[in-house]
Amino acid sequence: MSAVLRQAQAHAQADPLPAPSLVPATEPAAGPQAPTETRARGSVRFEQVSKRYPGAASGRDALQGIDVHIEPGQIFGIIGRSGAGKSSLLRTINRLESVSSGRVLVDGEDISQFGERQLVALRRRIGMVFQHFNLLSAKTVWQNVALPLKVAGHPATEIRQRVDELLALVGLSDKRDVYPSRLSGGQKQRVGIARALVHRPEILLCDEATSALDPESTQAILALLRDIHRQLGLTIVLITHEMAVIREICHQVLVLEQGQPVEQGPVWQVFGAPRHEATRALLAPLAHGLPVELQQRLHLKPPSAAHALTGAPPRFDRLIELSYTGETDLLPDWQRLATVLQGAPRLLHGGIEQLQGHAHGRLVLAIEGMGPGAQAVLKHQLSHQAKDLGYVERHL
């Protein structure tokens with residue numbers, strides 16, 4: 001039996017849907033930050049959660065000591081390398097996985113104590129979007145979205161209204177009678193998102209929802225999830241191995257390594273100053289190293305000018321890297337830099353971007369020299385971190 005049918009049948013005993021509406025009972029807070037206390041429902045708390053699979057050969061828990069609170073209305077990302085425990089943790093929220101110890105609380109209730117009817121009701125409140133779409137190939141787009149409602153026995157008029165409004169929400173009204181084989185990957189995922197929303201959940205789980213998509217489709221799906229979050233005020237919990245996805249959409253991020261939480265915080269903070277090696281490794285693909293041409297010209301020490309055989313000896317510039325982590329509202333001050341460095345620096349590489357209202361980035365500057373105390377001023381007043389990279393020959 002497919003995952004879609006199993007999920008639909010799990011909802012069959014649920015209460016009827018309320019009157020169709022795309023507007024949440026309480027509007028989410030405006031602005032880039034997620035609301036914290038404006039919605040009473042949609043919170044998730046892990047209290048010292050551990051999980052061990054029977055017969056696990058590694059001898060260690062798949063999850064160990066997870067203690068995390070996801071506020072209502074947040075977009076919360078969970079990231080880690082393969083085997084870090086991301087999927088195991090996500091699936092404890094709707095109890096597709098049971099914990100070995102600790103507690104998972106949804107809206108303050110310990111879901112391990114739920115009986116069958118309570119568990120059915122819980123899974124209605126929690127939608128789930130899968131990596132590989134899980135669509136039924138013999139059913140149209142409209143029929144795939146309608147299936148959970150049909151299995152649950154909702155009236156035809158109610159199903160028709162709900163499915164039509166969801167297809168409009170995800171931008172697929174014109175694809176209602178198309179079969180999955182005729183859809184792109186991004187369109188299939190839109191169908192999956194619409195199906196996950198049929199029971200008006202307060203929490204939406206995204207299990208690597210963009211991993212099977214090309215970059216353009218990934219951006220479109222992330223934009224759709226942001227739009228759904230803005231309209232419905234859902235709590236969204238997503239797992240991914242792509243830091244770019246976390247940067248694009250999440251408010252908070254948890255980094256897992258071998259089942260353990262190694263770093264957690266606002267996305268701007270974790271990205272700006274990663275503390276753990278696992279986080280730095282995950283962020284490495286986003287870091288733009290020195291261009292190859294510049295690396296080939298780089299010397300760790302100033303080369304001697306004595307090797308010049310004819311004409312004027314070559315001139316070398318000192319390279320420094322200034323980093324901005326978002327910890328304060330510090331931005332590059334070119335006038336002060338020119339004063340401290342006793343001459344206008346030349347920008348060779350880098351840039352600054354805004355992440356959740358915080359400036360992030362690095363600048364690689366070529367300078368002729370630094371006066372006494374310049375290094376301390378650079379590090380503490382003109383950037384968050386200052387680093388010597390070496391020397392390059394100046395090309396006049």
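Since the structure is predicted, the reported quantities are computational estimates derived from the model, not experimental observations.
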| field | salt_bridge(E277, R81) N-O dist < 4.0 Å | value | yes

| request: Evaluate the side-chain proximity of R362 to Q385: yes if any heavy-atom separation is below 4.5 Å, no if none is. | output: no

| So do P148 and H199 actually touch side chain to side chain, heavy atoms under 4.5 Å? | yes

| task | Please work out which of the three classes, parallel, tilted or perpendicular, describes the rings of W268 and H358, given edges at 30° and 60°. | result | parallel

| request: Could you tell me whether the side chain of V377 reaches within less than 4.5 Å of the side chain of R336, counting heavy atoms only? | output: yes

| task | For the pair R226 (side chain) and I249 (backbone), establish whether a donor and an acceptor sit closer than 3.5 Å, ignoring hydrogens and angles. | result | no

| said: As a quick check of understanding, evaluate salt bridge (Lys or Arg N to Asp or Glu O under 4.0 Å) for K387 and E321, giving each step before the final call. | reply: CA-CA 5 Å; K387 179 181 178 182; E321 178 184 85; 5.0 Å; no

| field | From CD1 (I236) to CD (Q74), nearest 0.5 Å | value | 11.5 Å

| remark: Smallest heavy-atom separation, G85 atom then L63 atom, equals O-CD2, 3.4 Å

| message | Checking T328 against H384 for the side chain to side chain donor-acceptor pair (under 3.5 Å) test, could you report, in this order, the C-alpha distance in whole Å, the side-chain angles of both residues, the deciding distance, and whether it holds? | response | CA-CA 9 Å; T328 66; H384 294 115; 2.9 Å; yes

| said: Nearest 0.5 Å, please: how far is CD in E202 from CG in L234? | reply: 9.0 Å

| Heavy atoms of other groups near D329 CG, more than 12 under 6.0 Å | no

| remark: Rounding to 0.5 Å, atoms CG (L172) and CG (L166) come to a distance of 11.0 Å

| query | Quick one: does R275's side chain have a donor or acceptor within less than 3.5 Å of a partner on V262's backbone? | reply | no

| Is there a salt bridge (Lys or Arg N to Asp or Glu O under 4.0 Å) between R200 and E165 once you walk through the steps? | CA-CA 12 Å; R200 294 182 176 83; E165 68 182 6; 3.3 Å; yes

| message | I need the minimum non-hydrogen distance between H154 and I159, along with the two atoms involved. | response | O-CD1, 3.2 Å

| Minimal non-hydrogen separation, V99 against V49, with atom names | CG1-CG1, 3.5 Å

| request: Would you indicate whether the side-chain heavy atoms of L96 and R123 approach each other to under 4.5 Å? | output: yes

| field | Nearest heavy atoms of M128 and L204, plus distance in Å | value | N-CD1, 4.2 Å

| said: For E97, is there any backbone N or O sitting under 3.5 Å from a side-chain donor or acceptor partner on T92? | reply: no

| query | Between atom CG of L389 and atom CD1 of I320, what is the distance when rounded to the nearest 0.5 Å? | reply | 8.5 Å

| message | What's the separation between atom CG in L331 and atom CG in L382, rounded to the nearest 0.5 Å? | response | 11.5 Å

| message | So H241 and S211, do their side chains get closer than 4.5 Å, heavy atoms only? | response | yes

| message | Looking at T218, is its backbone amide N or carbonyl O close enough to the side chain of Q189 to form a donor-acceptor pair, meaning the two atoms are under 3.5 Å apart? | response | no

| Between CG of L135 and CD of Q187, what distance do you get to the nearest 0.5 Å? | 11.5 Å

| Does a side-chain heavy-atom distance below 4.5 Å link P291 with H349? | yes

| task | Answer with yes or no whether the hydrophobic clustering places F114 together with L105; edges join I, L, V, M, F, W, Y residues whose side-chain heavy atoms lie under 4.5 Å apart. | result | no

| query | What do the steps show when you test L341 against L378 for side-chain contact (heavy atoms from CB on, under 4.5 Å), and what is the final call? | reply | CA-CA 9 Å; L341 299 173; L378 287 174; 4.0 Å; yes

| message | Whether the side chain of D107 engages the backbone of R41 through a donor-acceptor N/O pair (distance < 3.5 Å, no angle test) should be reported. | response | no

| Any chance CD of E216 has more than 12 other-residue heavy atoms, nucleotides or ligands included, within less than 6.0 Å? | no

| request: Tell me whether the centres of the aromatic rings in H360 and F271 are closer together than 6.0 Å. | output: no

| Heavy-atom pair of closest approach, residues S100 and R52 | OG-N, 2.9 Å

| task | Kindly indicate whether the side chain of D333, heavy atoms from C-beta on, has any atom under 4.5 Å from the side chain of L337. | result | no

| Backbone N or O of A366 within a donor-acceptor pair of the R346 side chain at under 3.5 Å? | no

| request: Kindly say whether Q143 contributes a backbone atom to a donor-acceptor pair with the side chain of T140 at under 3.5 angstrom? | output: yes

| query | Would you say the side-chain atoms of Q118 pair up with the backbone N or O of G115, donor to acceptor, closer than 3.5 Å? | reply | yes

| Can you check whether G80's main-chain N or O pairs, donor with acceptor, with K86's side chain at less than 3.5 Å? | yes

| Hydrophobic cluster identity match, Y179 and V145, side-chain contacts under 4.5 Å | no

| said: Under a 3.5 Å distance rule, please check whether Q258 uses its side chain to pair with a backbone N or O of Q64 as donor and acceptor. | reply: no

| What closest approach, in Å, do P261 and I66 show between heavy atoms, and which atom pair accounts for it? | CD-CD1, 3.5 Å

| said: Side chains of L119 and I111, heavy atoms from C-beta outward: is any pair under 4.5 Å? | reply: no

